[in-house]
Amino acid sequence: MVRVGGLPLHVLREGRGPLCVLSGGLGMAWFDWDAVAALLAPYRTVVRFDRPGLGLSAAGPRPPGLAAEADRIAQLLDALGHMGPATVVGHSLAGFHAEAFARLHPARCAGLVLVDGSIEEDPRPRLPRAVRTAWAGGLAGALSAAGLPRLLGPAARRLITRASTVGSHPRHGWERAGYRTSRVLRACALENATYPYQAADLAALRRRRPMPAVPVAVLAAYDGSEAPRELRRLERQRALAAELGGHFAVAAPAGHLVMADAPGAVVRAVLDLP
């Protein structure tokens, strides 16, 4: 446990070499990166952390926000005594955070890898942020009071994993311990509630802060089908790579949880950064 920005966060550091931070998507935990970390640690110092309320980290005092999550990565580096730049790998929602980190803390960023990162081409939240987050927090509280996280949390996590992968992956030993808690349920609800606002904040940030001259890789998941939805997702990821001036690559066959289905593709994307 490391105190980052005044909050106890669960952090795992392993390996050797230049530092690389791995940050998972909405509601994910450190162990989702196990296969990637095992392959990457011989070449990089790999840092994994749980955002507030997720994994083993303490709950945060306020809902997540884009700038706060970008700052959290910088504060994590400070807490680890790493004053130089680091490569940041962001999956799904954390792709927003990784890009914002590069734009807000350019001197701290050595490179970016966006792993099937979230994309919103015209984000327009429909409700005030405070209303949506209050509703999400209230719903999480009601479900917790009814005991649903304990009863259904791990099963819901498994269903999401199966729907987001093309391979068969065994249950992780920490799934039951984490996803049956009201703390994790609330964190997931708040990340989901603030997603459209984080997307809108990133769109605004792109207009204000240029991308620094750092190498960028965009790694898109592809399950191998010819479904229009899959092909559209590939094109959107390709367009993101072009917008950021980055290299585009495809991980196949892989579902959205690329780190589980194709960990080698994630490692190659990191090691191939110039």
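In this structure, His91 and Trp33 have perpendicular ring planes: the angle between them is above 60°, well past the 30° mark.
Going from atom CG of Asp261 over to atom NE2 of His256 covers 11.5 Å, rounded to the nearest 0.5 Å. Atom CG of Leu66 sits about 9.5 Å away from atom OG1 of Thr194, to the nearest 0.5 Å. Atoms SG and CG, from Cys188 and Leu54 in turn, are 5.5 Å apart once rounded to the nearest 0.5 Å. Atoms CG and CG, from Leu219 and Leu114 in turn, are 9.5 Å apart once rounded to the nearest 0.5 Å.
If you chain together hydrophobic residues whose side chains sit under 4.5 Å apart, Leu112 and Val218 fall into the same group. Val2 and Leu56 sit in two unconnected hydrophobic clusters of ILVMFWY residues. Membership requires side-chain heavy atoms under 4.5 Å apart, directly or through other members.
A salt bridge between Asp32 and Arg48 is absent, with no side-chain N of the basic residue lying under 4.0 Å from a carboxylate O of the acidic one. Looking at Asp223 and Arg229, no side-chain N of the basic residue comes within less than 4.0 Å of a carboxylate O on the acidic one, giving no salt bridge. Between Glu69 and Arg72 there is a salt bridge, since a side-chain N of the basic residue sits under 4.0 Å from a carboxylate O of the acidic one.
Within a 6.0 Å radius of OH in Tyr43, other residues, nucleotides and ligands contribute 12 heavy atoms or fewer. For Arg150, the CZ atom sits in a loose shell: 12 or fewer heavy atoms of surrounding residues, nucleotides or ligands are nearer than 6.0 Å. Atom CZ of Arg236 has more than 12 neighbouring heavy atoms from other residues, nucleotides or ligands inside a 6.0 Å radius. At most 12 heavy atoms of other shown residues, nucleotides or ligands fall within 6.0 angstrom of atom CZ in Arg13.
Side chain to side chain, His172 and Asp34 meet the donor-acceptor criterion of an N or O pair below 3.5 Å. The closest side-chain donor-acceptor pair between Arg171 and Thr161, if any, does not fall under 3.5 angstrom.
Counting heavy atoms from C-beta outward, Ser23 and Arg51 have side chains that approach closer than 4.5 Å. At a threshold of 4.5 Å between non-hydrogen side-chain atoms, the residues Leu77 and Leu19 count as touching.
When atom types are taken as modelled, the side chain of Ser118 and the backbone of Leu93 share a donor-acceptor pair closer than 3.5 angstrom.
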